[in-house]
Amino acid sequence: LKLVSWDWTNCIGLSMIYCDIYINYSRTANINQLQVILKKIKESILDTKQAKYLTWGDWEIPPEPILPEADFCNLLEEVDELEIARQLTLIESTLWEYIRPWDCIPKTNFNGKGVRAFKNHFNRITNWVSTEICARENFKQRVNVIDKFINIAKHCKYLNNFNAVMEILGGLSNPAVFRLKKTLDHIHNNHELDELRDFISEEDGYKNMRDLMKNLKGIQSCVP
C-alpha cells in the first residue's frame with residue numbers, strides 16, 4: 001500500500017487565496033493583519049459540514065494516514081474507505097492540474113497529454129472497480145465490496161472529488177457487474193447509491209454537480 005502525501009502548495013484554491021491577499025494587502029497590511037485574514041478563512045471552513053474531510057488544524061499538518069493493521073495488505077477490504085478516497089483525490093488532483101485550459105478546446109488540443117493521462121486514469125479506476133467486484137467468487141464478498149465502493153464514492157464526494165464518484169459509479173454500471181442481479185438486490189447502501197447517481201446525473205447539463213461547485217467556499221477546490 002503506497003500512500004501519497006497531502007501537499008497544500010499545489011492546491012489551486014489556496015493559491016488563489018494567497019494571490020488575492022498579496023494583491024489587496026501586500027502594500028498596506030502587516031503580518032498581524034494577514035494572520036487575522038487567514039484565521040477568518042480557516043474558521044469559515046470549519047463551520048462547514050465537510051470540515052472533517054478538508055481541515056486538520058494548522059495548514060502545514062496533513063491528516064494522519066489511516067493504515068491497515070498489517071504491515072502489508074493486498075485486499076481491498078483491509079484498507080479504510082476514507083483513506084482510499086483521500087489517495088484517489090491526491091492522485092487525481094495532481095492529474096487535473098496538468099490539464100491546461102486550451103487542452104479542453106474541441107478539435108484542437110482536446111487530446112493533449114494532460115487530458116489523455118486523465119482519461120486513462122479514469123478508465124483504469126473504472127475497470128479496477130468492476131474487476132474487484134467480479135473477482136469475488138463468494139456472494140457475500142461481492143455485496144461487501146460493492147457497499148465498500150459506494151462508501152468510498154460518498155467520501156470522494158465530500159472531498160469534492162466528483163471525478164472519482166463518476167469513476168466508481170461507472171465501474172458499478174459495467175455490464176459484467178450489472179448482470180449480478182442477486183448481488184445488487186442485497187446491497188445495503190441502495191439509498192446512498194441512488195443519491196450518488198442523482199448527483200452525477202447528466203440531466204440539465206450536470207445541474208446537480210454544477211450547483212454544488214458554485215457553493216464551494218474558501219480554499220475548497222474540486223476535481224470535476
*Residue list, salt bridge (charged side-chain N to carboxylate O under 4.0 Å, His left out) with Asp80, at least two apart or on another chain*: none
_Test salt bridge (charged side-chain N to carboxylate O under 4.0 Å, His left out) applied to Arg142 - qualifying residues, sequence neighbours left out_ = none
_Check: Phe118 ring centroid to Tyr98 ring centroid under 6.0 Å_ = no
To the nearest 0.5 Å, how far apart are [atom1] in [X] and [atom2] in [Y]?
X      : Y      : atom1 : atom2 : answer
Glu192 : Asp147 : CD    : CG    : 8.5 Å
Ile150 : Leu196 : CD1   : CG    : 7.5 Å
Asn208 : Asp198 : CG    : CG    : 5.0 Å
His121 : Trp128 : NE2   : CH2   : 9.5 Å
Leu193 : Leu184 : CG    : CG    : 8.5 Å
Met209 : Glu203 : CE    : CD    : 13.0 Å

*Does Lys157 make a cation-pi contact with Phe199 (under 6.0 Å, within 45 degrees of the axis)?*
yes
Side-chain touch [X]/[Y], heavy atoms, less than 4.5 angstrom:
X      : Y      : result
Arg124 : Lys119 : no
Thr94  : Trp96  : no
Lys148 : Ile84  : yes
Asn160 : Val223 : no
Val177 : Cys134 : yes
Lys140 : Asn138 : yes
Arg136 : Leu76  : yes
Ile133 : Asn174 : no

Kindly give the heavy-atom pair with the smallest separation between [X] and [Y], and that separation in Å.
X      : Y      : value
Ile152 : Ala85  : O-CB, 3.9 Å
Met213 : Pro224 : CE-CB, 4.0 Å
Glu83  : Pro65  : OE1-CA, 3.4 Å
Gly170 : Thr126 : C-CG2, 3.6 Å
Thr183 : Phe139 : CA-CE1, 3.6 Å
Phe162 : Cys222 : CE1-CB, 4.0 Å

*asked:* Run the side chain to side chain contact (heavy atoms under 4.5 Å, CB included) test on Glu77 and Val145 for me, step by step, so that the C-alpha distance in whole Å, both residues' side-chain angles and the decisive distance to 0.1 Å come before the verdict.
replied: CA-CA 7 Å; Glu77 292 86 344; Val145 170; 3.4 Å; yes
_Verdict with reasoning, Gln141 to Glu137, per side chain to side chain contact (heavy atoms under 4.5 Å, CB included)_ = CA-CA 8 Å; Gln141 289 180 344; Glu137 297 180 0; 5.8 Å; no
_Working for side chain to side chain contact (heavy atoms under 4.5 Å, CB included), residues Leu180 and His186_ = CA-CA 10 Å; Leu180 302 172; His186 286 79; over 6 Å; no
*Are Glu92 and Asn161 linked by a side-chain donor-acceptor pair shorter than 3.5 Å?*
yes
*Do Glu202 and Lys207 meet the salt-bridge criterion of a basic N to acidic O distance under 4.0 Å?*
no
*Determine, step by step, whether Ile66 and Arg86 satisfy the side chain to side chain contact (heavy atoms under 4.5 Å, CB included) criterion, reporting the C-alpha distance in whole Å, the side-chain angles of both residues, the deciding distance to 0.1 Å, and the verdict.*
CA-CA 10 Å; Ile66 306 173; Arg86 286 174 176 173; 4.0 Å; yes
